[in-house]
Amino acid sequence: MSIYGDYIKSVIRTVPDWPQPGVNFRDITPLLQNSAAFRKLIDSFVHRYQEMDLDAIAAIDARGFIVGAPVAYELGCSFVPVRKKGKLPFKTISQTYTLEYGQAEVELHSDAFRDGDRILVVDDLIATGGTMLAAAELISRSGGHVVETSAIVDLPDLGGSQRIRDAGHSVFAVCSFTEDE
Ligand SMILES: O=P(O)(O)OC[C@H]1O[C@H](OP(=O)(O)OP(=O)(O)O)[C@H](O)[C@@H]1O
Ligand SMILES: Nc1ncnc2[nH]cnc12
């Protein structure tokens, strides 16, 4: 939890049974509409990472871009998009991962990093952790060093953040929601 965690959490909306029955969707759009809250969100990341000597922010398509770009701007480091399959025009490396139903794939440009570059991975939310783990794996395969994986929201009851830690990565989330919240 970050310094502004409770406040950020208070401006995230829960939409029950969306996109399907039984899912509590954690909607960040009220947070984005609130300029004071959005500033505090970006400040939470900048405060945590400003002394960590990062070379790049790798942000995950699509909601990770919303946080990753301003954090990269503030820290003065590169912004690298990790995109859904078929969106990047140059030579790519790819990683498949498992969704609740079926499989998905993320891609990275093969020249996105230099060997040993210090990378922060950013997304909006960690649920099962499959997306974040696939992104971290891509970065490691391309020679980058994953300093930490990070998100606005963690859903710890779904086990994703623990799965990411079990794979050897550090995890930071600004706030978290249990299933019953
Ligand atoms: O931890 P996981 O179970 O992998 O789920 C988390 C991912 O799911 C959502 O992305 P989605 O694929 O819905 O894409 P979007 O950002 O384009 O909406 C979210 O933005 C994360 O990237
Ligand atoms: N419960 C949830 N809320 C928002 N985005 C999600 N992505 C995966 N699960 C989600």
Side-chain angles (χ1 to χ4, degrees), residues 1-2 5 8-34 37-38 41-42 44-45 56-72 79-88 92-109 112 119-141 146 148-181:
M1 184 82 97
S2 86
I8 300 295
K9 183 171 175 173
S10 76
V11 290
I12 293 171
R13 170 169 56 198
T14 296
V15 181
D17 299 319
W18 198 90
Q20 58 190 60
V23 174
N24 279 328
F25 191 84
R26 312 300 178 170
D27 175 18
I28 61 166
T29 61
L31 160 59
L32 305 176
Q33 281 169 244
N34 180 331
F38 186 61
L41 173 71
I42 300 308
S44 299
F45 283 88
I57 307 293
I60 300 176
D61 189 353
R63 283 173 272 161
F65 295 169
I66 299 166
V67 181
V71 173
F79 175 87
V80 172
V82 175
R83 296 221 61 181
K84 303 269 166 65
K85 185 182 170 59
K87 299 288 187 181
L88 289 171
T92 57
I93 61 170
S94 66
Q95 184 75 33
T96 54
Y97 59 102
T98 305
L99 296 170
E100 210 170 345
Y101 301 103
Q103 290 216 313
E105 201 165 335
V106 282
E107 293 183 329
L108 185 66
H109 271 152
I119 316 297
L120 172 69
V121 195
V122 178
D123 203 354
D124 68 319
L125 181 139
I126 298 168
T128 68
T131 309
M132 186 67 89
L133 266 179
E137 178 66 19
L138 265 186
I139 291 157
S140 301
R141 279 173 51 205
V146 176
E148 192 156 76
T149 64
S150 65
I152 308 170
V153 179
D154 180 28
L155 305 179
D157 294 345
L158 297 186
S161 47
Q162 190 55 49
R163 203 177 145 207
I164 297 164
R165 288 190 189 95
D166 290 345
H169 299 292
S170 176
V171 179
F172 167 70
V174 173
C175 64
S176 63
F177 287 84
T178 56
E179 276 291 279
D180 56 2
E181 288 183 291

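Side chains included, hydrogens not; waters and symmetry mates left out as well; all remaining heavy atoms used. This structure is a prediction, so every number in the text was calculated from the model and none was measured. One-based numbering, in listed order, for ligands and for the atoms of each.
- Contact annotation for R63 and ligand 2: only side-chain heavy atoms (C-beta onward) come within less than 4.0 Å of the ligand.
- Residue contacts with ligand 1: G160 is excluded, as none of its non-hydrogen atoms falls under 4.0 Å.
- Between I152 and L31 the shortest side-chain heavy-atom distance falls below 4.5 Å.
- Closest heavy-atom contact between K84 and D61: N-OD2, 3.0 Å.
- Nearest protein heavy-atom neighbour of atom 4 (C) of ligand 2: F25 CE1, 3.3 Å.
- For ligand 1, the atoms closer than 4.0 angstrom to any heavy atom of D124 are 19 (C), 20 (O), 21 (C).
- Between D124 and ligand 2, no N or O atom pair is found at a separation short of 3.5 Å.
- Contacts of D123 with ligand 1, taken as heavy-atom pairs under 4.0 Å, involve the side chain alone.
- Counting only heavy atoms of the protein, atom 10 (O) of ligand 1 lies nearest to R63 NH2, 3.6 Å.
- Within the 4.0 Å heavy-atom criterion, neither part of D27 lies near ligand 2.
- Residue-ligand proximity, L125 to ligand 2, at heavy-atom distances under 4.0 Å covers atoms 3 (N), 4 (C), 5 (N), 6 (C), 7 (N), 8 (C), 9 (N), 10 (C).
- Side-chain polar atoms of R26 and T14 form a donor-acceptor pair below 3.5 angstrom.
- Which parts of ligand 2 touch A127 is read off a 4.0 Å heavy-atom cut-off, strictly below it: atoms 8 (C), 9 (N).
- In plain terms, the two heavy atoms of S161 and I126 that are nearest each other are N-CG2, 3.7 Å.
- The ligand atoms of ligand 2 that sit less than 4.0 angstrom from a heavy atom of L155 are 1 (N).
- Judged by distance alone, with hydrogens and angles left aside, the side-chain atoms of Q162 form no donor-acceptor pair with the main-chain N or O of P156 at under 3.5 Å.
- Listed for the S150 side chain is no donor-acceptor partner under 3.5 Å among the backbone atoms of D123.
- Near G130, meaning under 4.0 Å from one of its heavy atoms, ligand 1 places the atoms 1 (O), 4 (O).
- A pairwise comparison of heavy atoms in L120 and E148 identifies CD1-O, 3.4 Å as the closest pair.
- Without hydrogens or angle criteria, D157 side chain to E179 main chain gives a donor-acceptor distance under 3.5 Å.
- In this structure the side chain of K9 reaches within 4.5 angstrom of the side chain of E181, judged on heavy atoms.
- Contact annotation: the side chain of V67 approaches that of L41 to within less than 4.5 Å [non-hydrogen atoms, C-beta and beyond].
- For atom 1 (N) of ligand 2, the nearest non-hydrogen atom of the protein is N24 O, 3.0 Å.
- Atoms of ligand 1 lying under 4.0 Å from at least one heavy atom of A127, given by number and element, are 1 (O), 2 (P), 3 (O), 5 (O).
- Residue contacts with ligand 1, taken as heavy atom pairs separated by less than 4.0 Å, involve T131 via backbone and side-chain atoms alike.
- The proximity of K84 to ligand 1, defined as any non-hydrogen pair under 4.0 Å, is limited to the side chain.
- A72 and F79 make their closest contact through CB-CB, 4.1 Å (heavy atoms, listed as atom of the first residue, atom of the second, distance).
- With atom 6 (C) of ligand 1 as the reference point, the heavy atom nearest to it among L158, L125, I126 is part of L125.
- Near T128, meaning under 4.0 Å from one of its heavy atoms, ligand 1 places the atoms 1 (O), 2 (P), 3 (O), 4 (O).
- Taking any N or O of M132, backbone or side chain, none lies under 3.5 Å from an N or O belonging to ligand 1.
- Checked by atom type and distance alone, the side chain of R163 pairs as donor or acceptor with a backbone atom of T128 at under 3.5 Å.
- Atom 3 (N) of ligand 2 has R26 N, 2.9 Å as its closest protein atom, hydrogens excluded (heavy atom only).
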